[in-house]
There are 2 protein chains.
Amino acid sequence: MTHTSTEENYIKAIYHLQLSRDSVSTNLLSAEMNTKPASVTDMLKKLRTKRIVHYQRYKGFSLTEAGNRKALSIIRKHRLWEYFLSSKLGFEWDEVHSMAEELEHISSDELITRLDNFLGNPAFDPHGDPIPDHRGKIRVIKQVSLTEVPVKKTATVSSVKNQSPEMLELLNHFHIALGTKLKLNRRFEFDGSVEIKIDKYPATIISEQVALNINCTL
Amino acid sequence: MTHTSTEENYIKAIYHLQLSRDSVSTNLLSAEMNTKPASVTDMLKKLRTKRIVHYQRYKGFSLTEAGNRKALSIIRKHRLWEYFLSSKLGFEWDEVHSMAEELEHISSDELITRLDNFLGNPAFDPHGDPIPDHRGKIRVIKQVSLTEVPVKKTATVSSVKNQSPEMLELLNHFHIALGTKLKLNRRFEFDGSVEIKIDKYPATIISEQVALNINCTL
DNA sequence: AAATAAATTTAGACAAATCTAAAAATATTT
DNA sequence: AAATATTTTTAGATTTGTCTAAATTTATTT
């Protein structure tokens, strides 16, 4: 079964929305896709005939097992291309997303298999998000946001939620990158900000808003 | 000015057809694109409004200066991706074309600039075809078909016209690759076949039909 | 449980790229 | 130069993904 780029974008969007909530609505999906609810309804009917979603009118929808597999294969492509763009072509993480949005629709499976091997079968993309393997298996790691790291504990930065240029700029300023080890010196209860220490750099204070977007492993 | 993938495919096709003849017809282009003449007419009107072709109904058409530049940029992308697929991912030349047909439509110019540098600014793709530089400049080399190499002269294989799997198989069998140096021992006037010698391999005879598809530099 | 509000779906329309069938222009033959 | 053949274009229809506006269903208030 083949899918158009548009279908693939819907499948991916449904997958991502399903991750963070237990039911996805037509309105929510239309907002995510920057289309109107009526367009979503049309696409749901199409994806139902292709057995990608379970869907009954007015009753909601969700990805089928096949839909889930398809979503994971698209995400795999997206993140492998992001890794390529970052590690081989030297792009910053805030630049890779839009290019990967196009590259993820290139159809050849053999291409992805070889790209994966060429890159050394990476498990995480430049934002720290896990890359599904060829079976769709995702390596899950236990992560906590920087706000949840206990005082005096050392943690390793593993991914970031907000991947905007502005966030990248901030993290560069703080000398924080994926894999950076940091110690949480103290937490300020007044505003939720945290003081961190990264080896040779002086300790700095990070606002709660930023800290919430930084994931760590302990 | 942006173009759809379909428009880009038409532009590329017109460019290639214009190379080998001095006027391209609606029928010819429709055959090349696997569409009907009526569809070509529609597209020509569209490309005319975008100032990609000069076109007057019933009077023929040709690429404008802008159309030519656009064609060269698409061909540049195509051939750089082919080079990537071959040199980095290890694909054979008969496998790279269809993937490059998809990859050539990825829009980012910065991506292509970086890919070009990553690959070491190659001048020729895996079939020996020249890769236009970022200005659209093509390095032209003087080539003759194997049938035109003088007897007792040594030549270097520089490109192949027919790039089918069958041709690849034959060339592998003959130990011929791009860059292979060979000596033309003799020409058989009866059928136009030629006897060639490649360093350590025994001399072999190649039919005229095959020899016509092999280009060499002298 | 009515009334109202919100979410969702249907109906009908549009743009892009294609098609078929028919008409128009050009080219070739007699 | 007529007649015929070929090429090209127009006209009208189809598919995909989208839209607006109206209708329907479900959810929330009063």
Side-chain angles (χ1 to χ4, degrees), chain A residues 1-15 17-18 20-63 67 70-71 74 101-102 104-105 107, chain B residues 1-15 17-18 20-63 67 70-71 74 101-102 104-105 107:
Chain A
M1 178 71 76
T2 60
H3 300 277
T4 65
S5 292
T6 308
E7 286 168 14
E8 291 191 348
N9 287 336
Y10 272 94
I11 295 168
K12 200 173 41 136
I14 297 170
Y15 178 91
L17 290 174
Q18 279 187 343
S20 48
R21 58 217 94 201
D22 38 40
S23 118
V24 183
S25 73
T26 302
N27 272 351
L28 187 64
L29 184 50
S30 78
E32 182 74 14
M33 294 296 301
N34 289 306
T35 60
K36 301 293 163 178
S39 310
V40 169
T41 300
D42 289 343
M43 182 54 80
L44 286 173
K45 288 185 199 160
K46 196 176 166 199
L47 291 177
R48 178 178 51 192
T49 70
K50 292 194 169 191
R51 303 192 183 285
I52 291 296
V53 293
H54 297 294
Y55 167 60
Q56 282 184 282
R57 69 206 218 307
Y58 294 110
K59 301 292 183 189
F61 55 90
S62 63
L63 288 177
K70 182 70 195 178
I74 302 164
E101 290 275 288
E102 293 183 63
E104 72 191 6
H105 303 298
S107 57
Chain B
M1 177 73 74
T2 60
H3 300 277
T4 65
S5 292
T6 309
E7 285 170 13
E8 291 192 349
N9 287 335
Y10 272 94
I11 295 168
K12 198 173 42 137
I14 297 170
Y15 178 91
L17 290 174
Q18 279 188 342
S20 49
R21 60 216 92 202
D22 37 41
S23 116
V24 183
S25 73
T26 302
N27 272 352
L28 187 64
L29 183 51
S30 79
E32 181 73 14
M33 294 297 299
N34 290 306
T35 59
K36 303 292 164 178
S39 310
V40 169
T41 300
D42 289 343
M43 182 55 80
L44 286 173
K45 288 185 199 159
K46 197 177 166 196
L47 291 178
R48 177 178 52 191
T49 69
K50 293 193 170 192
R51 305 191 182 286
I52 290 297
V53 293
H54 298 293
Y55 167 59
Q56 283 183 281
R57 68 206 220 303
Y58 293 111
K59 300 292 183 190
F61 55 90
S62 64
L63 288 177
K70 181 70 195 178
I74 301 164
E101 290 275 287
E102 293 182 62
E104 72 192 7
H105 302 298
S107 56

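Side-chain atoms are counted along with the backbone in the values below, which use heavy atoms only and exclude waters and symmetry mates.
- In this structure, Lys59(A) does not reach the dT8(C) phosphate: none of its side-chain N or O atoms is under 4.0 Å from OP1 or OP2.
- Counting non-hydrogen atoms under 4.0 angstrom, Thr35(B) reaches the backbone sugars and phosphates but no base.
- The two atoms that bring Glu7(A) and Lys50(A) nearest to each other are OE1-NZ, 3.0 Å, heavy atoms only.
- Shown here for His105(A) and Glu102(B), the closest heavy-atom pair between the two residues is O-OE1, 3.9 Å.
- Rounded to whole angstrom, the span from the CG atom of Asp42(B) across to the P atom of dT8(D) amounts to 14 Å.
- Residues Met33(A) and Gly60(B) both approach DNA chain D. Their nearest nucleotides, taken by heavy-atom distance, put Gly60(B) toward the 5′ side.
- Taking 3.5 Å as the limit, the base of dT24(D) and the side chain of Tyr58(A) contain a donor-acceptor pair of atoms between them.
- Here Ser39(B) reaches the OP1 or OP2 of dC19(C): one of its side-chain N or O atoms lies under 4.0 Å away.
- When the C1' atom of dT10(D) is taken as reference, atom CZ of Arg57(B) falls 10 Å away, rounded to whole Å.
- Contact annotation: Tyr10(B) does not reach the phosphate of dA16(C) (side-chain N/O to OP1 or OP2, under 4.0 Å).
- Checking the phosphate oxygens (OP1, OP2) of dT9(C), a side-chain nitrogen or oxygen of Thr26(A) falls inside 4.0 Å.
- Straight-line distance from the CD atom of Gln56(A) to the P atom of dT8(C): 15 Å, rounded to whole Å.
- What you find for Thr26(A) and Phe61(A) is that their closest heavy atoms are N-CE2, 3.7 Å.
- Residue Lys36(B) contributes atom NZ, which lies 18 Å from atom C1' of dG12(D) at whole-angstrom precision.
- Look at CG on Asn9(B): it is 15 Å from C1' on dA16(C), rounded to the nearest Å.
- Heavy atoms only, all atoms of each residue included: Asn9(B) and Glu104(B) are closest at OD1-OE2, 3.5 Å.
- By the neighbour-count criterion of 12 heavy atoms within 6.0 Å, atom NZ of Lys36(B) is sparsely surrounded, having that number or fewer from other residues, nucleotides or ligands.
- At whole-Å resolution of the value, CZ in Arg48(B) and C1' in dT9(D) are 11 Å apart.
- Residue contacts shown for Tyr55(B) are limited to sugar-phosphate atoms, with no base heavy atom under 4.0 Å away.
- Dashed line: the shortest gap from a side-chain N or O of Asn27(B) to OP1 or OP2 of dT8(D) is under 4.0 Å.
- Computed from coordinates, the Lys45(A) NZ to dT10(C) C1' distance equals 7 Å when rounded to whole Å.
- For Met43(B) and dT10(D), the CE to C1' distance is 17 Å, given to the nearest whole Å.
- In this structure, Thr6(B) reaches the sugar-phosphate backbone alone: every heavy-atom distance under 4.0 Å involves primed, P, OP1 or OP2 atoms, never a base.
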